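Sequential numbering from 1 along the given sequence is applied to the chain's residues. Computed from a predicted model, the values in this text were never measured in an experiment.
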Amino acid sequence: METDRLCALTDGVLTEEGVGAIAARAEIFAYFRKLVEARKDIAIDDVVAAMLSGVSDGALSTDDVVLNLLSLLVAGNETSRLALTGAVVAFAQHPDQWDRLRRCRELIPKAVDEILRWTSPGLHVSRTVLQDAEIGGVNIPSGATVAAWLPAGNRDPIVFDEPHIFDVGRNGRPHLSMGHGPHHCIGAALSRVEVAALLDATLDSVEAFELVSPPRYTNSITVSGFTEALVRLH
């Protein structure tokens, strides 16, 4: 799938994967631009129409719509899949937490958020600084681009007690896997439903997850997770 190629972009070096990622991005952009132009004259009540109403109101540009559609495509395919795969790997590596969840299904909502915090499938978000600022003693000039690395925030010991422990009963402050504020992930509710569905479907039938071989990590600066995880279900 094109999103797999797109997310293979690593450090900008023109490797085979990097060239493929750049080509995939160009193809997806071209597709969405064509879609947006075609939909300007067609009245269909969906997310594209909602974004196009923003263009009519002057709140969004056509480029904004294309970029948001790209974000929805990546989030709907890549990050959700990586969170689900990461959940299985996490329970294979922490069987005590799977046993705990099987004994107490009421922990599912907390387990879902812990899985999202633990896996942190989206690596970072970037923003443009609108005015001179200082963060953590660092001066950031207006116009600079800054990136927040979400997995680092989800492991912040100031925010989370024992952040490097996978705990399905964790109580604490909200994680950053779905973003924050006005840019909170539009698919956050769906993602939680998908993870909860995976847990609900396997709690009664799977006593344990066993990794058959070490999982293979993604090679990307966009998303984090596993491209391959061979698992035996007991």
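With a 4.5 Å cut-off on side-chain heavy atoms, H175 and F160 count as touching. Using a 4.5 Å heavy-atom threshold, the side chains of E210 and V231 count as separate. Between L150 and L123, the closest side-chain pair of non-hydrogen atoms is not below 4.5 Å. A 4.5 Å side-chain heavy-atom check between V146 and V129 finds at least one atom pair inside the cut-off. Residues E37 and T62 have side chains in contact (heavy-atom distance under 4.5 Å, counting atoms from C-beta outward). Residues S224 and P121 form no side-chain contact, since every pair of their non-hydrogen atoms from C-beta on lies 4.5 Å or further apart. Using a 4.5 Å heavy-atom threshold, the side chains of L69 and V36 count as touching. Put simply, the side chain of L67 does not reach to within 4.5 Å of the side chain of F32, judged on heavy atoms.
Taking hydrophobic clusters as Ile, Leu, Val, Met, Phe, Trp and Tyr residues chained together by side-chain heavy-atom distances below 4.5 Å, L211 shares a cluster with L198. In the hydrophobic clustering of ILVMFWY residues, with side-chain heavy atoms under 4.5 Å counting as a link, L35 and V47 come out together. Placement of L84 and V168 within a single hydrophobic cluster is found when ILVMFWY residues are connected by side-chain heavy-atom separations under 4.5 Å, directly or transitively. Tracing side-chain contacts under 4.5 Å through hydrophobic residues (I, L, V, M, F, W, Y), one reaches V89 starting from Y217; they form part of the same cluster.
No side-chain donor-acceptor contact under 3.5 Å links S191 to the backbone of A188. Panel note: side chain S220, backbone T222; a donor-acceptor pair is recorded below 3.5 Å. Of the possible donor and acceptor atoms, one in the side chain of R117 sits under 3.5 Å from a partner among the backbone N and O of P163.
Applying the salt bridge (charged side-chain N to carboxylate O under 4.0 Å, His left out) rule to D161 yields no partners; only residues at least two apart in sequence or on another chain are considered. Not a single salt bridge (charged side-chain N to carboxylate O under 4.0 Å, His left out) links E228 to another residue, sequence neighbours left out.
Ring geometry, F91 versus F166: the interplanar angle exceeds 60°, so the pair is classed perpendicular (tilted spans 30 to 60°).
Residues A229 and T85 share a closest heavy-atom pair of CB-CG2, 4.0 Å. The minimum heavy-atom distance linking S213 with L230 is given by the pair OG-CD1, 3.7 Å. Counting all heavy atoms, side chain and backbone alike, G122 lies closest to P151 at O-CD, 4.0 Å. Annotation for F226 and P215: closest pair CD2-CB, 3.5 Å, computed over non-hydrogen atoms. Nearest heavy-atom pair, P95 versus A92, reported as atom, atom and distance to 0.1 Å: CD-O, 3.8 Å.
Atom CD1 of I165 and atom CZ of R155 lie 11.5 Å apart (nearest 0.5 Å). C185 contributes atom SG, which lies 13.0 Å from atom CG of L176 (distance to the nearest 0.5 angstrom). Between the CG atom of D200 and the CZ atom of R105 there is a distance of 5.0 Å, given to the nearest 0.5 Å. The NE2 atom of H184 lies 7.0 Å from the CE atom of M178; values are rounded to the nearest 0.5 Å. How far CD of Q131 is from CD1 of I140: 11.5 Å, rounded to the nearest 0.5 Å. T202 OG1 to E207 CD: the interatomic distance, rounded to the nearest 0.5 Å, is 12.5 Å.
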Apply side chain to side chain contact (heavy atoms under 4.5 Å, CB included) to the pair L70 and F29, showing each step before the final yes or no. CA-CA 8 Å; L70 174 64; F29 277 165; 3.4 Å; yes
As a quick check of understanding, evaluate side chain to side chain contact (heavy atoms under 4.5 Å, CB included) for F209 and H234, giving each step before the final call. CA-CA 6 Å; F209 298 97; H234 294 272; over 6 Å; no
What do the steps show when you test I115 against L199 for side chain to side chain contact (heavy atoms under 4.5 Å, CB included), and what is the final call? CA-CA 11 Å; I115 287 167; L199 300 180; 4.1 Å; yes
Decide yes or no on side chain to side chain contact (heavy atoms under 4.5 Å, CB included) for N154 and S177, but give the supporting numbers first. CA-CA 8 Å; N154 285 340; S177 294; 3.0 Å; yes
For D46 and R39, run salt bridge (charged side-chain N to carboxylate O under 4.0 Å, His left out): C-alpha distance rounded to whole Å, both residues' side-chain angles, the deciding distance at 0.1 Å, then the answer. CA-CA 11 Å; D46 61 9; R39 290 293 305 281; 2.9 Å; yes
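Each side-chain hydrogen bond (donor to acceptor under 3.5 Å, both in side chains) pair with one or both residues in residues 87-104, not counting sequence neighbours, appears once here: Q97-R100, R100-D167.
A donor and an acceptor atom, one from each side chain of D132 and S142, are nowhere located under 3.5 Å apart.
The 12-atom threshold is exceeded at CD of E134, counting heavy atoms of other residues, nucleotides or ligands nearer than 6.0 Å. A 6.0 Å sphere centred on OH of Y31 holds no more than 12 heavy atoms belonging to other residues, nucleotides or ligands.
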